[in-house]
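Let me begin by presenting the structure, written as structure tokens, before commenting on it.
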Amino acid sequence: MSVTDKTDIHREFDGQRLPPGQRETSKFPVLSKGSTPEWDPETWEFSVTGAVENERTFSWEEFRDLPNETQKQDFHCVTGWSKFDCAFTGVTFPTLAELAGVDEDAVHVMFSALDGYTTNLPLADCLRDDVLFVWNYDGDPLPREHGGPLRVVTPHKYAYKGAKWVDGIEFLTEPERGYWEKRGYSNTANPWNEERYS
Ligand SMILES: Nc1nc2c(c(=O)[nH]1)N[C@H]1C(S)=C(S)[C@@H](COP(=O)(O)O)O[C@H]1N2
Ligand SMILES: [Mo]
């Protein structure tokens with residue numbers, strides 16, 4: 001299996017591999033606003049809505065058939081820990097965006113999840129090949145508490161920008177704020193600039 005190494009992304013932000021104020025951990029702590037939601041592969045649907053040519057849904061089987069890849073990424077939590085060298089397998093955001101045919105006036109994206117969580121990013125921050133919809137972690141199905149069956153990872157942002165249990169994306173023509181962004185976490189969330197709170 002080929003693995004693309006994305007752990008040098010900090011160079012883009014002119015920073016050290018370990019962002020300021022972070023400490024490295026070998027553990028993979030779990031941070032969720034509530035309990036892990038149930039999911040049923042038979043009825044699960046992923047929806048793509050909003051400012052796109054083709055609003056559509058994917059069944060679990062259809063989603064798993066999308067072209068996918070494995071990347072080695074670092075993971076930075078806003079509460080101060082970073083985990084290096086996570087192997088994530090999944091579909092890139094640009095792959096999904098291409099299938100949807102994003103409208104010209106789309107500028108922003110809202111991610112939604114089975115537990116009611118939401119998070120937002122400018123479209124430009126999503127159209128990167130390191131923003132992944134992930135179903136495998138280190139070669140095994142993503143553990144349920146870490147967002148299995150499907151989560152987003154955003155190695156250029158603090159990890160709250162990556163929705164666990166993600167089941168939809170909406171393309172927006174105006175920016176909106178997600179769950180934590182409305183409750184005091186930074187809307188921009190750049191770890192190398194320590195954008196933790198707003
Ligand atoms: N659906 C959902 N996604 C979520 C969260 C959540 O509560 N629900 N928590 C966020 C936060 S604050 C962090 S730090 C990371 C934690 O991911 P982990 O539990 O795999 O470490 O998930 C993010 N994604
Ligand atoms: Mo977090």
Side-chain angles (χ1 to χ4, degrees), residues 6-7 9 18-41 44-49 58 60 63 70-91 93 96 109-121 125-126 128 130-170 176-198:
K6 297 285 185 183
T7 61
I9 190 176
L18 188 67
Q22 295 290 105
R23 71 206 131 64
E24 196 191 340
T25 177
S26 57
K27 296 191 285 277
F28 196 174
V30 172
L31 284 154
S32 308
K33 70 177 180 65
S35 51
T36 297
E38 298 295 319
W39 87 288
D40 176 353
W44 184 91
E45 273 190 343
F46 184 92
S47 65
V48 180
T49 57
F58 295 84
W60 178 236
F63 202 93
T70 300
Q71 297 182 5
K72 193 161 74 173
Q73 298 191 354
D74 296 342
F75 188 98
H76 308 295
C77 177
V78 70
T79 61
W81 54 268
S82 292
K83 184 170 173 57
F84 288 168
D85 297 323
C86 305
F88 291 125
T89 303
V91 181
F93 192 102
L96 264 189
V109 177
M110 187 67 75
F111 298 84
S112 55
L114 294 174
D115 63 339
Y117 188 78
T118 54
T119 187
N120 64 284
L121 278 175
D125 273 319
C126 297
R128 301 170 51 106
D130 48 13
V131 175
L132 285 181
F133 294 86
V134 168
W135 59 72
N136 264 25
Y137 169 71
D138 281 351
D140 294 317
L142 182 67
R144 296 279 291 118
E145 66 275 19
H146 286 298
L150 189 71
R151 80 169 299 162
V152 180
V153 289
T154 55
H156 58 322
K157 300 289 180 184
Y158 287 121
Y160 62 89
K161 289 292 183 179
K164 305 198 284 189
W165 312 296
V166 67
D167 70 349
I169 48 175
E170 183 182 4
E176 280 178 35
R177 285 180 184 239
Y179 183 86
W180 282 122
E181 291 86 356
K182 283 183 190 157
R183 290 169 176 77
Y185 277 5
S186 165
N187 198 22
T188 48
N190 177 348
W192 290 278
N193 203 26
E194 283 211 81
E195 294 161 2
R196 296 178 197 270
Y197 310 105
S198 64

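Numbers here simply count residues along the sequence, with the first being 1. For ligands, and for the atoms within them, numbers begin at 1 and follow the listed sequence.
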### Query
Going by the angle between their ring planes, with limits at 30° and 60°, are Trp81 and Phe75 parallel, tilted or perpendicular?
parallel

### Task
Establish, yes or no, whether a centroid distance under 6.0 Å links the rings of Phe133 and Phe46.
yes

Pairs under 3.5 angstrom, nitrogen or oxygen on both sides, ligand 1 versus protein: list them out, please.
from, atom 1, to, atom 2, distance (Å)
ligand 1, 1 (N), Asp115, OD1, 2.9
ligand 1, 1 (N), Asp115, OD2, 3.2
ligand 1, 1 (N), Lys164, O, 2.8
ligand 1, 3 (N), Lys164, N, 2.8
ligand 1, 7 (O), Lys33, N, 2.7
ligand 1, 8 (N), Asp115, OD2, 2.7
ligand 1, 9 (N), Leu31, O, 3.3
ligand 1, 17 (O), Arg151, NH2, 3.3
ligand 1, 19 (O), Leu31, N, 2.8
ligand 1, 19 (O), Lys164, NZ, 2.6
ligand 1, 20 (O), His146, ND1, 2.6
ligand 1, 20 (O), Arg151, NH1, 2.7
ligand 1, 21 (O), Pro29, O, 2.8
ligand 1, 22 (O), Arg151, NH2, 3.4
ligand 1, 24 (N), Gly162, O, 2.9

### Query
Of all heavy-atom pairs between Trp165 and Glu145, which one has the smallest distance, and what is that distance?
CZ2-O, 3.9 Å

### Query
Looking at Glu24 and Leu18, what are the two nearest heavy atoms and their distance?
N-CD1, 4.0 Å

### Query
Could you state the interatomic distance from NE2 (His76) to CG (Asn190), rounded to the nearest 0.5 Å?
10.0 Å

### Task
Look up atom CZ in Arg183 and atom NZ in Lys33, then write down how far apart they are to the nearest 0.5 Å.
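Rounded to the nearest 0.5 Å, the CZ-NZ separation comes to 8.0 Å.
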
